Amino acid sequence: MTNHSSTSTSTIVPAMRYRDPATMIDWLCNAFGFARHGVYHDDDGEVMHAQLTFGSGMIMLGPNTEGAWSKHFAQPDEIGGRETQCCSVSVADCDAHYAKAVAAGADIIDPLAEKPYGGKGYGARDPEGHLWWFGSYDPWAAVDEVSSNG
């Protein structure tokens, strides 16, 4: 048995909920460099599901609506601005990415800096309060180092 799809580029795809998904799609593309892979609307023209890519990674997002699945979610402002998870995104040019995010008004919660585990990185909050981490650290390369050391 394999633990992945033979046709998928990215086998783990975080899914997020937003109150205003249409606005957030534009913001995430402008501020953080995501690209629209697929945006699906209901009969009223409202976003019901979207897939945004960044390199070979992807996130999915949709509206924060009532329902059986949604009752298990909370928006950050409903729980004191806290999160239980955060997307971590590897970027090739951390300085340029940081500058673009700052220019777009991202709430920087951990300034860009060299990190003791390697690479540069920074933490930010999007306009609906979700946390994001962007950095040059490559966890795939780190696995090779750890695997060969122990």
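As the structure is a computational prediction, the values presented were derived from the model and not from experiment.
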Hits for side chain to side chain contact (heavy atoms under 4.5 Å, CB included) against Val39, two or more places apart or cross-chain, chain-then-number order -> Ile25, Arg36, His41, Val47, Ala50

Do NZ/NE/NH1/NH2 and the carboxylate oxygens of Asp110 and Lys115 come within less than 4.0 Å? yes

Value for CG (Leu52) from SG (Cys29), rounded to nearest 0.5 Å, stands at 5.0 Å

Contacts of His37 meeting side-chain hydrogen bond (donor to acceptor under 3.5 Å, both in side chains) (sequence neighbours excluded), chain-then-number -> none

Mind checking what makes ring-ring contact (aromatic ring centres under 6.0 Å, His included) contact with Trp133, not counting sequence neighbours? none

List for me each residue that meets side-chain hydrogen bond (donor to acceptor under 3.5 Å, both in side chains) alongside Asp95, sequence neighbours excluded, and say none if there are none. Lys120

For the OG atom of Ser136 and the NE2 atom of His97, what is their distance to the nearest 0.5 Å? 12.0 Å

Do any pairs count as a side chain to side chain donor-acceptor pair (under 3.5 Å) and have a residue in residues 47-56, sequence neighbours left out, and if so which ones? His49-Gln51

Considering residues at least two apart in sequence or located in another chain, which fulfil the side-chain hydrogen bond (donor to acceptor under 3.5 Å, both in side chains) criterion with Asp20? Thr23

Side-chain donor-acceptor distances from residues 58-70 under 3.5 Å, at least two apart:
{"from": "Ser70", "atom 1": "OG", "to": "Arg17", "atom 2": "NH1", "distance (Å)": "2.7"}
{"from": "Ser70", "atom 1": "OG", "to": "Thr65", "atom 2": "O", "distance (Å)": "2.6"}

For Ile12, the hydrophobic cluster (side chain heavy atoms closer than 4.5 Å, chained through members) also holds none

Quick check: closest heavy atoms across Pro14 and Cys87, and the distance to 0.1 Å? CB-SG, 3.7 Å

Residue pairs passing the side chain to side chain donor-acceptor pair (under 3.5 Å) test where at least one lies in residues 82-94, sequence neighbours excluded: Glu83-His130

ILVMFWY network linking Val102 to Tyr122, side-chain heavy atoms under 4.5 angstrom: yes

Please check: side-chain N/O of Glu128 versus main-chain N/O of Arg19, any donor-acceptor pairing under 3.5 Å? yes

Please identify each residue that fulfils side chain to side chain contact (heavy atoms under 4.5 Å, CB included) with Asp42, with sequence neighbours left out. Asp44, Glu46, Met48

Transitive ILVMFWY cluster of Leu131, excluding itself - 4.5 Å side-chain cut-off: Ile109

Single-linkage hydrophobic cluster, 4.5 Å side-chain cutoff, Val13 and Phe73 together: no

So do Val91 and Tyr98 actually touch side chain to side chain, heavy atoms under 4.5 Å? no

Please identify each residue that fulfils ring-ring contact (aromatic ring centres under 6.0 Å, His included) with Phe32, with sequence neighbours left out. Trp27, Trp132, Phe134

